Amino acid sequence: MVDVKRMISLFSLGLLFLLPGHSPAQSSSPASNADLQKIITQLNTAATKFVSAQAEFTWEQYTAAVQESDVQSGTIYYERKKAVTSTAAHIKKDNGKDAPKIVVFEREEVQLYEPAINQLTILKAGANHSQVESFLTLGFGGSGTDLQANWKVSLLGTEKMSGVSVVKLDLVPLQTKVLDMFPHVTVWIDPTRGISYKQIFYEPGGDKRTATYTNIVYNQPIASDVFEIKTAPGTNRVVK
């Protein structure tokens with residue numbers, strides 16, 4: 001059985017390992033407040049232009065106690081219409097084995113469909129809708145202003161990843177409930193497009209969640225059915 005909360009929070013990473021073939025890290029000198037504000041402004045501009053993105057992903061959940069990792073891979077999609085963002089992750093493999101699952105965030109709820117056990121789990125966002133969306137769009141079309149509203153943001157420097165100049169940000173949650181889950185998060189973002197290239201969510205006890213995006217497609221049409229979950233007859237519905 002999938003840990004739904006873990007799945008959803010991993011899903012919200014937007015995601016990642018170092019991209020294959022990326023250039024060596026090139027850290028900049030310590031960032032000033034002016035440097036950070038420039039990045040926030042760039043992200044605000046990018047958010048106004050963001051329409052969609054899709055990418056191949058790899059998610060890794062590392063458990064420190066046993067020094068083991070679970071790895072999932074598949075394709076993720078983001079689409080914004082009328083200021084509302086829909087997100088879907090089509091998981092194809094789990095630790096290298098076929099294990100199809102679909103996770104969709106749309107209309108104020110997260111849905112996880114597991115065909116292998118014919119179960120649809122639904123998590124209602126409710127009053128927390130904006131906070132959930134801020135997680136799901138972290139590094140994918142989210143604005144700099146929204147980022148600062150939910151996180152204490154520090155600019156750690158710049159790097160080249162897959163030939164793209166990205167900024168490395170460290171984020172400390174401002175909400176206590178989130179802080180209890182993730183003391184801090186490090187993300188690598190192309191601020192000109194609002195696209196995340198790497199994210200690591202650090203958890204208490206040494207666990208961490210890492211995700212990687214490759215083959216990123218930006219602002220191109222996405223088939224509407226990728227956000228639809230078609231369940232089999234007799235599917236068990238579980239509402240959290």
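Every value quoted in this text rests on a predicted model; they were computed, and no experiment measured them.
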Let me see the working for Lys160 and Ser165 under side-chain contact (heavy atoms from CB on, under 4.5 Å), right down to the final yes or no. CA-CA 5 Å; Lys160 284 281 188 179; Ser165 180; 4.1 Å; yes

Could I get the full list of ring-ring contact (aromatic ring centres under 6.0 Å, His included) partners for Tyr62, not counting sequence neighbours? none

Apart from Tyr77 itself, its cluster of hydrophobic side chains linked below 4.5 Å comprises Ile222, Val226, Phe227

The criterion is side chain to side chain contact (heavy atoms under 4.5 Å, CB included); which residues satisfy it with Asp190, sequence neighbours excluded? Val164, Val166, Thr192, Arg193, Tyr197

Gap between atom CD of Glu79 and atom OG1 of Thr85 - 0.5 Å precision: 9.5 Å

Under the side chain to side chain donor-acceptor pair (under 3.5 Å) rule, what pairs show up with a residue in residues 42-51, not counting sequence neighbours? Asn44-Thr145

Nearest heavy atoms of Pro115 and Pro100, plus distance in Å: CD-O, 3.1 Å

Can you see whether Asp170 engages Ser154 through a side-chain donor-acceptor pair at a distance of less than 3.5 angstrom? no

Is it the case that the side chains of Thr235 and Asn118 hold a donor-acceptor pair, with the cut-off being a distance below 3.5 Å and no angle test? yes

Verify whether one side chain among Thr212 and Lys198 offers a donor that lies under 3.5 Å from an acceptor in the other. no

Asp225: partners by salt bridge (charged side-chain N to carboxylate O under 4.0 Å, His left out), with sequence neighbours left out: none

Residue list, side chain to side chain contact (heavy atoms under 4.5 Å, CB included) with Ala47, at least two apart or on another chain: Arg80, Ser143

Which atoms form the tightest heavy-atom contact between Leu43 and Gly194, and what is the distance? CD2-CA, 4.2 Å

Gln72 and Thr58: side-chain contact (heavy atoms from CB on, under 4.5 Å), yes or no, with the steps? CA-CA 6 Å; Gln72 295 178 317; Thr58 302; over 6 Å; no

About how many Å separate OH of Tyr218 and CZ of Phe50, when rounded to the nearest 0.5 Å? 7.5 Å

Pairing donors with acceptors under 3.5 angstrom, does anything connect the side chains of Gln175 and Asn150? yes

Verify side-chain contact (heavy atoms from CB on, under 4.5 Å) between Thr121 and Arg237, making sure each step is shown before the conclusion. CA-CA 6 Å; Thr121 303; Arg237 292 171 59 91; over 6 Å; no

For Ser86, what residues pass the side chain to side chain donor-acceptor pair (under 3.5 Å) criterion, not counting sequence neighbours? Glu106

Ser69 meets the side chain to side chain donor-acceptor pair (under 3.5 Å) criterion, sequence neighbours left out, with Glu60

Closest approach of Ala89 to Trp59 (non-hydrogen atoms, all atoms of both residues): CB-CH2, 3.8 Å

Going by side-chain contact (heavy atoms from CB on, under 4.5 Å), Gln119 matches just one of Leu112, Thr231, Asn236. Which one? Asn236

Heavy-atom pair with the smallest gap, counting every atom of Tyr113 and Ala232: OH-N, 3.1 Å

Side chain proximity check, Ile39 to Leu155, heavy atoms < 4.5 angstrom: yes

In sequence, state the C-alpha distance, the side-chain angles, and the governing distance for Val110 and Val104, and then conclude on side-chain contact (heavy atoms from CB on, under 4.5 Å). CA-CA 6 Å; Val110 181; Val104 173; over 6 Å; no

Locate the shortest heavy-atom distance separating Leu174 from Gln148; write the atom from each residue and the value. CD1-O, 3.6 Å

Give, for atom CZ of Phe182 and atom CD1 of Ile200, the distance between the pair rounded to the nearest 0.5 Å. 13.0 Å

Whether Asp98 side chain and Lys93 backbone form a donor-acceptor pair below 3.5 Å: no

Taking side chain to side chain contact (heavy atoms under 4.5 Å, CB included) as the definition, give me every residue that meets it alongside Asn95, ordered by chain and number, with sequence neighbours left out. Asp70, Val71

Hey, could you give me the OG1/NE2 distance between Thr75 and His90, rounded to the nearest 0.5 Å? 8.0 Å

Between Val172 and Pro183 the two heavy atoms that sit nearest each other are CG1-O, 3.8 Å

Side chain Asp94, main chain Ala99, donor-acceptor under 3.5 Å: no

Go through the steps to decide whether Lys208 and Glu203 satisfy the test salt bridge (Lys or Arg N to Asp or Glu O under 4.0 Å), and finish with yes or no. CA-CA 5 Å; Lys208 63 181 178 180; Glu203 302 177 61; over 6 Å; no

Can you find a pair of side-chain heavy atoms, one from Val185 and one from Trp151, that are under 4.5 Å apart? yes

Atom CG in Leu169, atom OG1 in Thr186: separation rounded to 0.5 Å? 9.0 Å

Would you please name every residue forming a side chain to side chain donor-acceptor pair (under 3.5 Å) with Glu228, sequence neighbours left out? none

Listed partners of Tyr202 passing ring-ring contact (aromatic ring centres under 6.0 Å, His included), at least two apart: His184

Identify, with sequence neighbours excluded, every residue that meets side chain to side chain contact (heavy atoms under 4.5 Å, CB included) alongside Asp180. Thr176

Are Val238 and Ile117 connected in the hydrophobic side-chain network, where two residues link if heavy atoms are under 4.5 Å apart? no

Test item: Leu36 and Val153 side chains (from C-beta on) under 4.5 Å apart, heavy atoms: yes

Taking the side chain as everything from C-beta on, heavy atoms only, tell me whether Trp188 gets closer than 4.5 Å to Met161. yes

If you define the side chain from C-beta out and look only at heavy atoms, does anything of Thr214 sit under 4.5 Å from Ile216? no

Sub-3.5 Å donor-acceptor pair from the side chain of Asn219 to the main-chain atoms of Ser52, do we have one? yes

No-hydrogen, no-angle side-chain donor-acceptor test under 3.5 Å, Glu68 and Gln61: no

